[in-house]
2 protein chains.
Amino acid sequence: MLPTVAREGDALVMIDQRKLPTKEIYVRCRTAAEVARAIRTMVVRGAPAIGVAAAMGIALGMRASKATGTQKFAAEFYKTCELMAATRPTAVNLFWAIDRMKRSFTAAAEAGESVDQIKDRLDREAQAIHDEDVASCRAMGAYGADVVPAGARILTHCNAGALATAGYGTALGVIRGAVAQGKRVTVVADETRPFLQGARLTAWELVRDGIQTTVITDNMAGALMGQGQIDLVVVGADRIAANGDTANKIGTYALAVLAREHHIPFYVAAPLSTVDLTTPDGQHIPIEERKAREVTHFGGNQLTPAGALVWNPAFDVTPHRFIAGIITERGICRPPYTESLKRAFDTEAAIPS
Amino acid sequence: MLPTVAREGDALVMIDQRKLPTKEIYVRCRTAAEVARAIRTMVVRGAPAIGVAAAMGIALGMRASKATGTQKFAAEFYKTCELMAATRPTAVNLFWAIDRMKRSFTAAAEAGESVDQIKDRLDREAQAIHDEDVASCRAMGAYGADVVPAGARILTHCNAGALATAGYGTALGVIRGAVAQGKRVTVVADETRPFLQGARLTAWELVRDGIQTTVITDNMAGALMGQGQIDLVVVGADRIAANGDTANKIGTYALAVLAREHHIPFYVAAPLSTVDLTTPDGQHIPIEERKAREVTHFGGNQLTPAGALVWNPAFDVTPHRFIAGIITERGICRPPYTESLKRAFDTEAAIPS
């Protein structure tokens, strides 16, 4: 299992996703501020992984607190939560994980626990968020595998793999689930400019797993579909609104339009922690705009002339009507999503398919 | 005027398009073989520019010939034509320009001209191809400007500008034509992976012209269209089949699909030298596949892990049904293209619009 985020004593250890695939460098964060910075600068990225890192970062930060009274400890706790919440705006898993840590804190306070007891509880909660994420990915993989035809040529975008989660992956979890069922599949990975998560991370993960992977530039996906070379599209998600509209890495919307033009099923794989029932539709999802330099420069080389403007949204929104199904840890939600997503939350059992 | 390709004495001088926008370096080719190499390695690129460079390269090569008899000179001439024809397979302007040089050669031979006279004739023919290309671009600009609404936000792909032609440009010629009519327009330039012609060349040309230009990664075009930020798409072409199917830089097809989804007019601008009536449809256009390294590496940095496969077609084909009009130097051809393209060749006058 890839160590996307792991607690080692008084540090949170993450593989530096900016350096892959040529360098495997691990970053040790010793404070909550260092974890927040790692999220903001994309040492760790991917909606579920961001949530896990934030929760573990809060637990790490509070473990180091020198506060002896619960009141001072509480003030520090909420400040640390704010620090994490300010890192990136789109992935709702971040806010979901912070909310879970807050609920855990409140329960501890209400139970009259000591500072040391609360520290233990926060550690356990963060580790639970981590472990549940892996379990969710494996469940998504098992459910999602059913929609993968044997021999499928699967297109994916960005990295929705082990590196984007606590392990196993969402979209790549579905691919791994199909392989685990004995299906032979091949994968086409969009390189995913400007950060190249597909070329650098998805290809790296899948090649390690021995799954045949072809990297293409983002603008080749349409031509491949036009030639009948793609059977299925599976992507992850950063936030899914109540009606099924899905924010995911920039370029996802274009893929969804192209998939429909070519009658190719387009699936989203995401845990319920990515579903935000309080956001009614895609128009209400905040979209992070990142620095122009990600587009204007690469590896120290300047790509664009001085004077050119740049637009650099990190995500776009795919309207629910383009999505054949949303693969969750409780089964596959189908349209109308307003009902099926709500039902997924309401039931402990799997969704009948 | 940008000196895309210019004859200076015994050399052909080209701006090195691989080095822009950060370095303006001029390459001097002194032999036909050096010109062929410049075309193959994309010192010069863009269908019309390739044709012009090939014709001027043939004239340059034959000027240096030491043959005294016409028979030996003819053998050298046809060998030089073969050398040029083997550089790149998709842009039909290359073969069109070589054919024109061959016809000029045949006419000279039939007229009983001496080797020196033939050299002069080849020089004149190559220069005529160059000059006519500029004139064609200006005519395209004037016709095409009519389809550009005032205030239009125009998306273009790759570089179909002065650098892709002998000067002024095809798609960028249309934009320049609109500006010349006093229309205020803004341009969005796809960066156009893997060679980044949009980020490096289109943005460079337009910023020099004072036209507001925003560079986006290729995967952002769909999201921009979805937000209602694009009014018009104009691209160039590398080969247009008799039925209007158009080969152009990889990614063009996806843009055409996205444009139709969003009810945005999609235009192709190209001189008739790009139209190949002997190719019935897009399925018969040969598509160049370039080296994997263009995708796997950038500026010395490795982007993909060892073991990942790569697909790197330089072009794709946009079926004619996605194209609102083909802007030529004789006017705008409209569907059905089988008729309108043929008519454009048959008339000396402008196409009635």
Side-chain angles (χ1 to χ4, degrees), chain A residues 20-22 157 188-194 196 199-200 203-204 206-208 212-226 229 249-258 260-262 295-296 298-313 315-317 319, chain B residues 20-22 157 188-194 196 199-200 203-204 206-208 212-226 229 249-258 260-262 295-296 298-313 315-317 319:
Chain A
L20 288 170
T22 47
H157 190 63
V188 174
D190 278 349
E191 67 171 7
T192 317
R193 284 278 294 151
L196 297 168
R200 298 191 302 102
W204 183 73
L206 294 179
V207 167
R208 277 167 63 114
Q212 184 190 304
T213 304
T214 302
V215 175
I216 60 172
T217 61
D218 300 294
N219 56 22
M220 293 174 189
L224 256 192
M225 291 185 192
Q229 302 284 327
K249 179 53 53 194
I250 187 74
T252 301
Y253 169 60
L255 282 187
V257 171
L258 288 162
R260 197 179 61 176
E261 168 72 18
H262 299 95
V295 173
T296 60
F298 185 81
N301 295 292
Q302 186 181 332
L303 311 182
T304 58
L309 306 176
V310 164
W311 188 52
N312 186 20
F315 307 97
D316 59 25
V317 174
Chain B
L20 288 169
T22 48
H157 190 63
V188 174
D190 278 349
E191 66 171 7
T192 318
R193 283 277 295 148
L196 298 167
R200 298 191 302 102
W204 183 73
L206 294 179
V207 166
R208 278 167 62 115
Q212 184 190 305
T213 303
T214 302
V215 175
I216 60 171
T217 62
D218 300 295
N219 55 23
M220 293 173 188
L224 257 192
M225 290 185 192
Q229 301 283 326
K249 179 53 53 194
I250 187 73
T252 302
Y253 169 60
L255 282 188
V257 171
L258 289 162
R260 197 179 61 177
E261 168 73 18
H262 299 95
V295 174
T296 59
F298 185 81
N301 295 292
Q302 185 182 332
L303 311 182
T304 58
L309 306 177
V310 164
W311 188 53
N312 186 19
F315 308 97
D316 59 24
V317 174

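The chains referred to below are lettered A, B, ... by the order of the sequence lines, with proteins before strands, and numbering in each begins at 1.
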Peer 1: Could you look at A/Glu191 and say if it's the side chain, the backbone, both or neither that has a heavy atom under 4.5 Å from chain B?
Peer 2: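 Contact with chain B is through the side chain of A/Glu191 alone.
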Peer 1: In terms of heavy-atom pairs under 4.5 Å with chain A, which of B/Leu303, B/Val207, B/Val257, B/Asn301 leads?
Peer 2: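 Among the listed options, the one with the most contacts to chain A is B/Leu303.
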Peer 1: Counting heavy-atom pairs under 4.5 Å with chain B, which one of A/His262, A/Met225, A/His157 comes out on top?
Peer 2: A/His262
Peer 1: As an exercise: rank B/Ala199, B/Ala203, B/Pro194, B/Gly299 by heavy-atom pairs under 4.5 Å with chain A and give me the winner.
Peer 2: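 Most pairs with chain A among the choices: B/Ala199.
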Peer 1: Check whether A/Thr213 gets within reach of chain B through its side chain, its backbone, both or neither, counting any heavy atom under 4.5 Å.
Peer 2: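 Interface part for A/Thr213: backbone (N, CA, C, O).
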Peer 1: So which residue, A/Asp218, A/Ile250, A/Thr217, ends up with the most heavy-atom pairs under 4.5 Å with chain B?
Peer 2: A/Ile250
Peer 1: Can you say whether A/Pro313 sits under 4.5 Å from chain B via the side chain, the backbone, both, or neither, judging by heavy atoms?
Peer 2: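 For A/Pro313, the contact with chain B is made by backbone and side chain together.
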Peer 1: Any idea which of B/Leu224, B/Thr252, B/Val188 has the most non-hydrogen atom pairs under 4.5 angstrom with chain A?
Peer 2: B/Leu224
Peer 1: For A/Ala306, is it the side chain, the backbone, both or neither that has a heavy atom under 4.5 Å from a heavy atom of chain B?
Peer 2: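 For A/Ala306, the backbone is the part near chain B, not the side chain.
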Peer 1: Please identify, among B/Pro305, B/Gly307, B/Gly222, B/Ala308, the residue contributing the most non-hydrogen atom pairs under 4.5 Å to chain A.
Peer 2: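 The residue among B/Pro305, B/Gly307, B/Gly222, B/Ala308 with the greatest pair count is B/Pro305.
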Peer 1: Using side-chain heavy atoms (C-beta onward) and a distance below 4.5 Å, is A/Met220 in contact with B/Asn312?
Peer 2: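 They are in contact (side-chain heavy atoms under 4.5 Å apart), so the answer is yes.
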Peer 1: Look at A/Thr192, A/Leu206, A/Leu258 and state which one has the largest set of heavy-atom pairs under 4.5 Å with chain B.
Peer 2: A/Leu258
Peer 1: Can a donor-acceptor pair be found, under 3.5 Å and without considering hydrogens, that links the side chain of A/Asn219 to the backbone of B/Arg193?
Peer 2: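 Checking the backbone N and O of B/Arg193 against the side chain of A/Asn219, a donor-acceptor pair under 3.5 Å is found.
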Peer 1: Name the member of B/Tyr253, B/Phe298, B/Trp311 that forms the most heavy-atom pairs with chain A at distances under 4.5 Å.
Peer 2: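 When all of B/Tyr253, B/Phe298, B/Trp311 are compared, B/Trp311 has the most.
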Peer 1: Under a 4.5 Å cutoff for heavy-atom pairs, which residue among A/Leu20, A/Asp316, A/Val310, A/Ile216 has the most contacts with chain B?
Peer 2: A/Val310
Peer 1: Side chain, backbone, both or neither: which part of A/Leu196 has an atom under 4.5 Å from a heavy atom of chain B?
Peer 2: side chain
Peer 1: By a 4.5 Å heavy-atom criterion (distance strictly below it), what part of A/Val215 contacts chain B: side chain, backbone, both, or neither?
Peer 2: both
Peer 1: Does any heavy atom of chain A fall under 4.5 Å from the side chain of B/Glu261, the backbone, both, or neither of them?
Peer 2: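 B/Glu261 touches chain A through side-chain heavy atoms alone.
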